[in-house]
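As the structure is a prediction and not an experimental result, all values here were calculated from the model.
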Amino acid sequence: QARIEVHRKPLGVIGSITADITRTIPASGRFTPRQRALYDLVLGAQQAAMDSIRPGATIGQLTQIARRYLRDRSGDLCGPRTCDAWFIHGLSHWIGMDVHDVGDNDWPLQPGMAFVIEPGIYVREGALENLPKTPANAAFIEKVRPAFEKYKNIGVRIEDSFLLTESGLKNLSASVPKTI
């Protein structure tokens, strides 16, 4: 049992909380070099965010840390733009009574709060074609097309559920393997 707090209101001692985890596994059973490179980048972004979790930090700050990690370490992996351009969702959401509990990304983290850390990169078919038809987007598409063609249809998300306790961060999904 864990004492959790969601929406800054104690819920008391409950038997369980709703959690959320994701692992990306290649359909073939083996990672290609490209899949591995993106997977390792996402795993590193998750670790960078996890290493920064402490009372008083916010989900917004953790998101910036993960995005900075992707920018600083992606090199030309995703073309002339860094891989954070393909990180198209938030880094986190609250968990507790519901899988996606409502909450504010600017709340300071406090012991008793439960949340996920879920960076992801999705280079999906049609992403470039769905951009508004503007001269700026046409120039962008021309620049990124080679990398896009190399990585299109590769998506990676790694998601774990956490509880911040008085003694530190508890990974509620730690028993689920996530390294290649």
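Nearest heavy-atom pair across Pro119 and Val42 is O-CG1, 3.4 Å. Taking both residues in full, the closest heavy atoms of Leu77 and Ala37 are given as CD1-CB, 3.8 Å, listed atom of the first, atom of the second, then distance. Counting all heavy atoms, side chain and backbone alike, Ser92 lies closest to Phe115 at OG-CB, 3.9 Å. What you find for Met113 and Trp107 is that their closest heavy atoms are CE-CE3, 4.2 Å. What you find for Gln35 and Arg30 is that their closest heavy atoms are OE1-O, 3.6 Å. A pairwise comparison of heavy atoms in Phe31 and Thr24 identifies CZ-O, 3.7 Å as the closest pair.
Remark: the backbone N or O of Gln61 is not paired with any side-chain donor or acceptor of Gln64 at under 3.5 angstrom. The backbone N or O of Leu172 lies less than 3.5 Å from no partner atom in the side chain of Ser161, so there is not a single donor-acceptor pair. Using modelled atom types, no side-chain atom of Glu166 and backbone atom of Pro111 make a donor-acceptor pair closer than 3.5 Å. A donor-acceptor distance shorter than 3.5 angstrom exists from the side chain of Arg54 to the backbone of Ser52, with no hydrogens or angles considered. A donor-acceptor distance shorter than 3.5 angstrom exists from the side chain of Ser74 to the backbone of Cys83, with no hydrogens or angles considered. Using a distance-only test at 3.5 Å, with no hydrogens or angles considered, a donor-acceptor pair links the side chain of Asn137 to the main chain of Pro132. Looking only at distances, a side-chain donor or acceptor of Lys133 sits under 3.5 Å from a matching main-chain atom of Glu129. Between the Arg67 side chain and the Phe87 main chain, a donor and an acceptor come within less than 3.5 Å of each other.
Phe162 places a side-chain heavy atom less than 4.5 Å from the side chain of Met50. Residues Gln47 and Asp51 form a side-chain contact, since some pair of their non-hydrogen atoms from C-beta on lies under 4.5 Å apart. Side-chain contact between Ile154 and Arg34: present, with at least one pair of heavy atoms (C-beta onward) separated by less than 4.5 Å.
The OG1 atom of Thr82 sits 3.5 Å away from atom CG of Asp84, with the distance rounded to the nearest 0.5 Å. The CG atom of Leu41 lies 12.5 Å from the CD atom of Gln46; values are rounded to the nearest 0.5 Å. For the atom pair CG of Leu128 and CZ of Phe148, the computed distance is 4.5 Å after rounding to the nearest 0.5 Å. Between atom CG of residue Asn171 and atom NZ of residue Lys178 there is a gap of 5.5 Å, rounded to the nearest 0.5 Å. Of the inter-residue distances, the one linking Tyr122 atom OH with Asn153 atom CG reads 14.5 Å to the nearest 0.5 angstrom. Distance OH/Tyr39 to CD1/Ile180: 6.5 Å, rounded to 0.5 Å.
Glu149 has a carboxylate O that lies under 4.0 Å from a charged side-chain N of Lys152, or vice versa, which qualifies the two as a salt bridge. Under a 4.0 Å N-O distance rule, the pair Asp160/Arg23 qualifies as a salt bridge.
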Do Val116 and Ile95 pass the side chain to side chain contact (heavy atoms under 4.5 Å, CB included) test, and can you show the C-alpha distance, the side-chain angles, and the key distance before you say yes or no?
CA-CA 7 Å; Val116 303; Ile95 56 173; 3.8 Å; yes

Output, in order, the C-alpha distance, side-chain angles, deciding distance and verdict of side chain to side chain contact (heavy atoms under 4.5 Å, CB included) for Tyr151 and Ile121.
CA-CA 10 Å; Tyr151 289 100; Ile121 295 175; over 6 Å; no

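Considering Ile65, Ile117, Ile59 in turn, Ile117 is the only one that fulfils the side chain to side chain contact (heavy atoms under 4.5 Å, CB included) rule with Ile53.
Linking Ile, Leu, Val, Met, Phe, Trp and Tyr whenever their side-chain heavy atoms come within less than 4.5 Å puts Leu131 and Val144 in one cluster.
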